[in-house]
Amino acid sequence: MDHKPPSRGRLDRRPRDFHGSLREALADSFLRETLDRFADQYKANRAAVFEGLPERELIARVSAMKDGALGRIEELYGDFAAKARAKGLIVHRAKTAAEAASLISDIATRAGAKNVIKSKSMTAEEIGLNEALAAAGCDVAETDLGEWIIQLRHEAPSHMVLPAIHLSRHQVAEEFQRVTKAPQDGDIGRLVKVARRELRPRFAQADMAVTGANFAVADSGTLGLCTNEGNARLALTLPRVRVSLLGLDKLVPTAADALSILRVLPRNATAQPITTYVSWLAGATPGQTAHAVFLDNGRTGLLADAKCREALRCVRCGACANVCPVYRFVGGHRMGYVYIGAIGLILTYFFHGKGRAEDLIGNCVGCEACKDVCAAGIDLTGIISEIRARISDANGAPATSTLLSLVMPNRRLFHGLLKLARLAQKPVTKGAYVRHLPAILSGDHGFKALPAMADRPFRDAWPEIEAQDLGPKAGPRVALMSGCAQDFVYPAHLEAAVRLIRAKGGRALFPMDQGCCGLPLTMMGERKAALRAARANLLAFSRAAGDYVTGLCPSCLNQMKNRYPALFADDPVLGPLAQGLARRLMDFSSLLAGPLGYGPGDLSDSGLRVAYHSPCHLGRGLGVTGPPRRLVALAGRYLPTPGEDVCCGFGGTYSLRFPEISKALMDKKLDGLAASGADLLVTDCPGCVLQLGGGEEVRDKKIPVRHLSEFLALNLKTP
Amino acid sequence: MDREAVETFKERAAGVETRVLEVPDLRAALDAALAIAAAAPPVALLPTVPGGSPPAPGPKALAAPGLAPDDLAYLSGRALAAGVEVVSQGLRSRLAGLEAAFTVATLGLAETGTCVLEGETEDARLASMLCETHVVGLRKRDIVRGAAEGLAFLERALARENNVVSFISGASRTSDIERVLTLGVHGPLSLVALLIED
């Protein structure tokens with residue numbers, strides 16, 4: 001085979017102009033369509049393959065097992081090495097990528113191996129093994145079909161399980177035509193047979209095989225491998241020398257533990273109950289020299305990192321990419337350096353360094369779809385924001401971020417500035433929207449209209465609103481978290497919420513000392529400022545009375561319920577307060593459908609066909625999916641639409657940093673909405689209203705977008 | 001025998017494109033494997049040296065490593081009459097041109113329609129990967145419900161020295177080009193499970 005110098009796409013694939021590269025990906029219509037179809041089919045297929053199984057329980061088992069194994073990794077390594085060596089396996093350990101690569105090249109050199117076959121291994125990608133073996137004079141052939149295709153094209157994988165998903169059958173045919181020097185058409189069955197025919201002699205001639213491994217079972221010295229093509233099984237059998245390369249994180253105590261992963265991994269990876277082949281090799285095999293090379297390369301360092309260590313639970317199923325709305329638009333080459341998807345953003349930082357992670361880490365919109373689907377229950381979103389904070393601490397934050405970080409935690413200053421901003425925008429507003437965008441927000445950002453600041457923020461109106469209703473109440477007392485967006489941009493949402501609470505005999509409270517929840521600061525990596533904002537807010541709500549704390553922004557609520565307790569876990573005073581707040585906190589739709597008792601008869605039928613968009617931090621963050629849909633159905637005809645729970649692309653500051661992707665996500669949603677025949681879109685997050693409502697505003701045929709609170713209050717029978 | 005497990009096995013194996021047939025005993029399974037080899041279209045021969053031509057087509061061949069001597073003798077006798085060559089060892093020198101291979105599974109996992117092959121020799125592993133159709137004999141009494149029930153077996157098997165255990169669920173497959181499922185990449189194009197009654 002003619003090998004060009006091994007440039008590997010990845011060396012070129014972190015472009016200097018990251019945004020340019022994103023735009024290029026967005027313009028690749030094949031990639032867009034493929035990933036789009038994949039995302040939809042994956043979701044349906046995964047649901048089907050988990051049907052009747054206790055999915056959450058299976059995931060929890062993997063997560064607990066991996067935590068236990070990681071906690072005694074050295075002991076497991078010792079056990080594995082002893083057992084496997086007793087069964088003839090030669091066990092090595094490499095501290096760095098370079099060390100592992102030269103170790104394996106040396107094995108090849110000493111064995112006089114010239115022809116090397118490989119079965120797919122992300123760990124081999126991690127250490128740049130093909131380049132090292134080529135330098136040692138070996139002729140390396142990838143045998144996994146997808147890996148072979150991208151090897152021929154000198155590219156890097158764009159997905160951990162489907163490495164060539166970014167290529168069309170025609171591109172593959174073109175490549176195969178070059179290899180076979182015979183015409184090839186785009187018939188996939190025939191193309192697969194080309195690989196079968198071309199690679200069989202490579203198997204036959206191979207002196208050495210290199211594979212990865214999915215499990216290293218410590219108590220029996222067994223390596224476990226999953227493949228569908230059977231290439232690993234063949235590779236492990238034919239050559240006289242075999243080498244399995246694997247991360248230390250692949251160690252598990254027992255066969256039962258490996259099986260617990262096997263129940264989730266193929267289901268999560270490709271929606272298969274099991275991969276076609278699972279090979280278990282206890283020690284060496286007669287007639288072969290067998291090696292196992294365990295790679296550290298930052299893993300023990302990550303293990304000592306209490307905040308991020310759970311990333312090592314990863315079983316490499318690739319599901320975090322499959323469900324990622326950003327991956328769906330830009331593909332794997334912009335979603336990781338070697339490892340792809342949410343885990344790719346994380347592992348790039350730990351295995352390949354800050355420099356390679358900087359651009360990539362901003363790519364996460366924070367929608368938590370990955371965390372929701374992770375085979376090992378890893379808090380991927382949380383770790384990504386931790387890394388963002390570390391990079392920002394190390395680099396110093398950009399000027400805009402620093403300014404906001406100084407201002408936002410100081411409620412008076414921040415709110416003062418917001419009021420000033422309202423006056424400053426006066427000449428440019430047109431009704432509820434800003435007529436001309438400020439210069440820094442024009443250009444790429446013009447895809448949606450931005451809302452104007454309200455004339456009077458909710459907090460200024462509160463004394464009057466409170467005074468309207470001071471009598472005794474039978475219902476619950478509800479403290480409202482306004483969130484910055486609703487307070488200053490959408491006070492009408494809050495006023496609607498107050499009407500809904502009162503209509504059922506409840507009392508609305510508004511703690512005036514509340515401020516930013518801290519999430520936007522967290523997203524910008526402003527750790528200290530986020531902590532200051534959270535402390536102020538925690539104190540404000542802890543002082544306030546109220547049976548419940550609620551709000552109309554699920555991002556704020558998610559931050560308060562799911563992040564504050566961890567933020568203050570070590571604080572003897574604030575820790576318990578955060579726990580108490582989390583217990584009292586309930587999202588608005590659950591409050592209406594539950595304690596406030598909204599049901600049939602409370603609302604009149606609007607007669608509208610109503611589509612619903614499920615905000616990321618409500619559906620996944622807080623796990624609330626049923627109540628908002630039931631409430632919508634009380635006042636309209638709920639019209640289910642595809643991708644209701646896919647992120648709208650707002651993601652707070654994300655839409656400012658990556659307008660091209662934000663727009664793509666929004667357009668997809670609004671196109672679907674237009675095709676659905678809905679009269680109205682209801683959602684329950686101000687960010688989603690801002691994004692989707694703003695997007696509709698610049699469209700020809702506008703479908704109104706309303707916050708759930710407004711929609712319900714408009715249809716109250718007793719206003 | 002766990003009848004429910006057998007039924008589940010049949011259903012799930014069919015779900016991964018495994019053809020399931022029932023036979024009364026091992027000899028009948030050998031007959032069935034022979035019939036499959038004899039009826040197979042002449043195998044698309046694969047070259048064994050890069051750039052080389054495929055080996056010249058010979059008689060149809062059935063690989064059947066690891067049989068007891070009397071079973072092998074039985075099979076060879078029947079094969080002679082059918083004009084099929086039986087290859088019982090030395091598979092390393094037969095990397096092409098196998099219409100079918102017959103091996104016996106130790107266990108069946110119903111939940112996933114999986115055949116578990118244990119203690120495979122090099123010949124057994126090669127036969128099952130190099131043939132076009134892999135025919136697996138599986139006794140109905142060896143079918144258990146799922147991996148959890150198979151765990152005790154797996155633990156015992158892995159404790160032994162130099163043991164190879166393989167879970168096989170269907171034929172070799174890929175979805176690497178445009179995610180279109182295609183059978184028969186490096187291994188067999190099809191898998192047949194012969195469920196043995198006795």
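What you see below is based on every heavy atom in this structure, not just the backbone, and it leaves out hydrogens, waters and symmetry mates. We name chains A, B, ... by the order of the sequence lines, and we start the count at 1 in each one.
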Q.
Can you confirm whether A:Lys83 is buried at NZ, in the sense that more than 12 heavy atoms of other residues, nucleotides or ligands lie under 6.0 Å from that atom?
A.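 No.
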**Prompt:** Under 6.0 Å from the CD atom of A:Gln41, do we count more than 12 heavy atoms belonging to anything else shown?
**Reply:**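 Check passes, neighbour count above 12.
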Select, from B:Val116, B:Leu130, B:Leu91, the one with the greatest count of heavy-atom pairs under 4.5 Å involving chain A.
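Going by pairs under 4.5 Å, I would pick B:Leu130.
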| request: Considering only heavy atoms and a distance below 4.5 Å, find which of B:Leu158, B:Thr182, B:Val164 pairs most often with chain A. | output: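 With the most close heavy-atom pairs to chain A, the winner is B:Leu158.
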**Study point:** Nearest heavy-atom neighbours spanning A:Ala255 and B:Leu151
**Key:**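 Minimum heavy-atom contact is C-CD1, 4.0 Å.
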Checklist entry - Minimum heavy-atom separation for A:Gly146 to B:Asp176, with atom names? => result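 Closest approach of A:Gly146 to B:Asp176: N-OD2, 2.7 Å.
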- Task: Using the side chain to side chain contact (heavy atoms under 4.5 Å, CB included) rule, take A:Leu162 and B:Arg179 through it: C-alpha gap first, then chi angles, then the decisive distance, then the call.
- Result: CA-CA 8 Å; A:Leu162 300 157; B:Arg179 295 181 46 254; 4.1 Å; yes
Report the option among [options] that has the most heavy-atom pairs separated by less than 4.5 Å from atoms of chain B.
options	value
A:Ala164, A:Gly287, A:Ala284	A:Ala284
A:Asp144, A:Leu145, A:Leu167	A:Leu145
A:Ser220, A:Ala84, A:Gly88	A:Ser220
A:Glu229, A:Gln171, A:His166	A:Glu229
A:Ile165, A:Val192, A:Asp219, A:Leu281	A:Val192
A:Thr34, A:Ile149, A:Thr143	A:Thr143

- Query: Does the B:Asn162 side chain pair with the main chain of A:Gly283, one donor and one acceptor, at a distance under 3.5 Å?
  - Reply: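 Answer holds: no.
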Of the backbone (N, CA, C, O) and the side chain (C-beta and beyond), which part of [X] lies under 4.5 Å from a heavy atom of chain A, both, or neither?
X	answer
B:Val16	neither
B:Ile177	both
B:Arg125	both
B:Ala171	backbone
B:Thr114	side chain

Is any side-chain heavy atom of A:Tyr277 closer than 4.5 Å to a side-chain heavy atom of B:Ser172?
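The answer is yes, as the side chains (C-beta and beyond) meet within the 4.5 Å cut-off.
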* To do: Measure the shortest side-chain to side-chain distance between B:Leu95 and A:Phe203 over non-hydrogen atoms and say whether it is less than 4.5 angstrom.
  =>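 SC-SC contact between B:Leu95 and A:Phe203 ruled out.
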> Can you name the one residue among B:Val185, B:Thr174, B:Leu189 that meets side-chain contact (heavy atoms from CB on, under 4.5 Å) with A:Arg196?
Replying inline: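 The single option meeting the side-chain contact (heavy atoms from CB on, under 4.5 Å) with A:Arg196 is B:Leu189.
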Checking heavy atoms, do the side chain of [X], its backbone, both or neither come under 4.5 Å from chain B?
X	answer
A:Phe38	both
A:Thr237	both
A:Val217	neither
A:Thr227	neither

Whether B:Glu178 and A:Arg37 form a salt bridge (side-chain N of Lys/Arg under 4.0 Å from carboxylate O of Asp/Glu) is what I want to check.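 No.
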Let me confirm one number: the [atom1]-[atom2] distance from [X] to [Y], rounded to the nearest 0.5 Å.
X	Y	atom1	atom2	result
A:Ile274	B:Leu109	CD1	CG	7.0 Å
A:Leu262	B:Leu154	CG	CG	9.5 Å
A:Leu238	B:Met129	CG	CE	9.5 Å
A:Leu234	B:His186	CG	NE2	8.0 Å
B:Glu17	A:Thr276	CD	OG1	9.0 Å
A:Arg233	B:Leu126	CZ	CG	9.0 Å

Listing request: all salt bridge (Lys or Arg N to Asp or Glu O under 4.0 Å) pairs with a residue in residues 149-165 of chain B, at least two apart in sequence or in separate chains.
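Of all non-adjacent pairs touching residues 149-165 of chain B, those that pass salt bridge (Lys or Arg N to Asp or Glu O under 4.0 Å) are B:Glu118-B:Arg160.
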Item to complete: Sequence neighbours left out, what pairs pass salt bridge (Lys or Arg N to Asp or Glu O under 4.0 Å) with at least one residue falling in residues 58-69 of chain B?
Response: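 Output for this query is empty, none listed.
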